[in-house]
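Just so it is clear, the model here is predicted, and its values are computed rather than measured.
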Amino acid sequence: MSNNPAQRISFQGELGANSHIAARAAYPQLEPFPCPSFEDAFDAVASGQACYAMIPVENSVAGRVADVHHLIPESGLFIVAERFEPIKHQLLGLPGATLAALTHVRSHPQALGQCRSHLRTLGVAAVTTADTAGAAREVAELGDPRVGALASALAGEIHGLVTLKADIADAAHNTTRFLVFARQADDVAVDAGPCMTSFVFRVRNVPAALYKGLGGFATNGVNMTKLESYIEGGGFSAAMFYAEVEGHPDERNVRLALEELGFFSASVKVLGVYRADGYRRQG
């Protein structure tokens, strides 16, 4: 492994995980830095062990990735890029194993959810693991031909498994959106093309504060693509919100919308301004 943190990109999972694939596709020049948890992947960047973290935030089939959104504001990092990565799950097994003999399939809960109908049709029991690539490793170590794994082709190659059934996701559009985090903001120029702005805010604890605060995005024609609420510090009087909008804060309509939000909020913090992935234009 490289001793230069500037050449590393962290992710949750083991080598061969979908986050590894996304990191390799976006930054082929960087060395993968696998971490056991999302917290560890964030901490690797915050502590200077890696320059970027590749973090999944939502999937087109299974929805939001649990536990990630409340970690984003707490990480102290900035969002510098987004990436949409098609997810191709392979049903992997030991060499010589057969699909008919499978009784159990291991994988991350997101992967199991994305292949639920296929697994039901096969009549196998789903077993939850920490990540997809780890499931492949466990199957290889277990040595039981009745146990398979949902993981990437790369994970199969790494652990000497064979593909028993290829590309078994329930939906052809199965895609995961990743965000890339760094210690320093890398705000794109306003004229760099379509971009996204991510921010967190806490509205004042007064009636209609959220309604009035968000009204500025509607009246200024700013498209809000995400709004997530979470509780901060154990208090229940006023929620924190994570939001994303299309556009740049230096654009007049976005600036006015953020200013109006500020009138009705106790705090507003921009977490990143970054180029919109070209995948958005395909929809």
Side-chain angles (χ1 to χ4, degrees), residues 5-6 8-14 17-20 22-23 26-27 30 32-59 62-83 85 108-110 130-131 176-188 195-205 209-210 213-214 224-245 249 258 261-262 264-274 277:
R8 297 177 187 160
I9 181 167
S10 66
F11 59 89
Q12 185 275 329
E14 301 184 18
N18 288 305
S19 294
H20 176 198
Y27 302 97
L30 298 182
F33 190 75
C35 299
S37 70
F38 290 123
E39 291 94 331
D40 292 327
F42 281 121
D43 287 344
V45 177
S47 64
Q49 298 179 73
C51 62
Y52 294 136
M54 179 71 74
I55 305 293
V57 292
E58 57 197 332
N59 175 267
R64 65 182 290 181
V65 178
D67 300 331
V68 169
H69 284 86
H70 80 273
L71 294 174
I72 292 175
E74 299 171 2
S75 71
L77 303 178
F78 294 91
I79 302 167
V80 296
E82 68 172 353
R83 180 173 182 84
E85 188 71 27
H108 186 275
Q110 280 272 331
D131 67 276
T176 294
R177 178 175 179 247
F178 293 83
L179 292 176
V180 181
F181 293 83
R183 289 185 298 280
Q184 301 294 327
D186 185 24
D187 296 346
V188 299
C195 65
M196 303 293 297
T197 299
S198 295
F199 55 94
V200 290
F201 65 95
R202 181 172 61 245
V203 294
R204 300 184 188 279
N205 189 24
L210 180 61
L214 295 182
M224 179 170 285
T225 60
K226 177 174 288 296
L227 180 65
E228 300 273 359
S229 66
Y230 63 97
I231 300 300
E232 182 188 45
F236 291 89
S237 58
M240 288 287 293
F241 293 88
Y242 171 85
E244 296 178 349
V245 298
L258 289 172
L261 175 65
F264 301 98
S265 298
S267 64
V268 179
K269 180 182 179 181
V270 174
L271 297 179
V273 183
Y274 47 95
D277 190 293

Spacing of CG belonging to Asp186 relative to CD1 belonging to Ile79, to within rounding of 0.5 Å: 12.5 Å

Closest heavy-atom pair and its distance - Ala17, Gly13: CB-CA, 4.4 Å

Minimum heavy-atom distance Ala209-Val203, with the two atoms named: CB-CB, 4.1 Å

Minimal non-hydrogen separation, Met54 against Ser19, with atom names: CG-O, 3.9 Å

Stepwise side chain to side chain contact (heavy atoms under 4.5 Å, CB included) check, Lys226 with Met196: CA-CA 11 Å; Lys226 177 174 288 296; Met196 303 293 297; over 6 Å; no

Other residues, nucleotides, ligands: >12 heavy atoms within 6.0 Å of Gln184 CD: no

Tyr52 and its ring-ring contact (aromatic ring centres under 6.0 Å, His included) partner, picked from Phe181, Phe11, Tyr27: Tyr27

Glu85 vs Asn18 side-chain heavy atoms within contact, under 4.5 Å: no

Residues Arg183, Val45; criterion side chain to side chain contact (heavy atoms under 4.5 Å, CB included); working and verdict: CA-CA 7 Å; Arg183 289 185 298 280; Val45 177; 3.8 Å; yes

Heavy-atom closest contact (Thr176 atom, Pro56 atom, distance): CG2-CB, 3.8 Å

Least distance between heavy atoms, Ala41 atom then Ser10 atom: O-OG, 2.8 Å

Pairwise side-chain contact, Glu228 with Ile72, heavy-atom cut-off 4.5 Å (strictly under): no

Sub-4.5 Å side-chain heavy-atom contact between Phe201 and Leu214: yes

Arg83 side chain to Asp277 backbone, donor-acceptor under 3.5 Å: no

Short side-chain to backbone donor-acceptor contact, Gln110 and Arg64, under 3.5 Å: yes

His20 NE2 to Asp131 CG distance, which is reported to the nearest 0.5 Å: 12.0 Å

Stepwise side chain to side chain contact (heavy atoms under 4.5 Å, CB included) check, Gln12 with Ile55: CA-CA 7 Å; Gln12 185 275 329; Ile55 305 293; 5.7 Å; no

Heavy-atom side-chain proximity of Val80 to Tyr274 below 4.5 angstrom: no

Whether Arg8 side chain and Gln49 backbone form a donor-acceptor pair below 3.5 Å: yes

OG on Ser37 to CG on Asp43, rounded to 0.5 Å: 7.5 Å

Interatomic distance, Arg204 atom CZ to Ser267 atom OG [nearest 0.5 angstrom]: 9.5 Å

Least distance between heavy atoms, Val65 atom then Glu58 atom: CG2-N, 3.8 Å

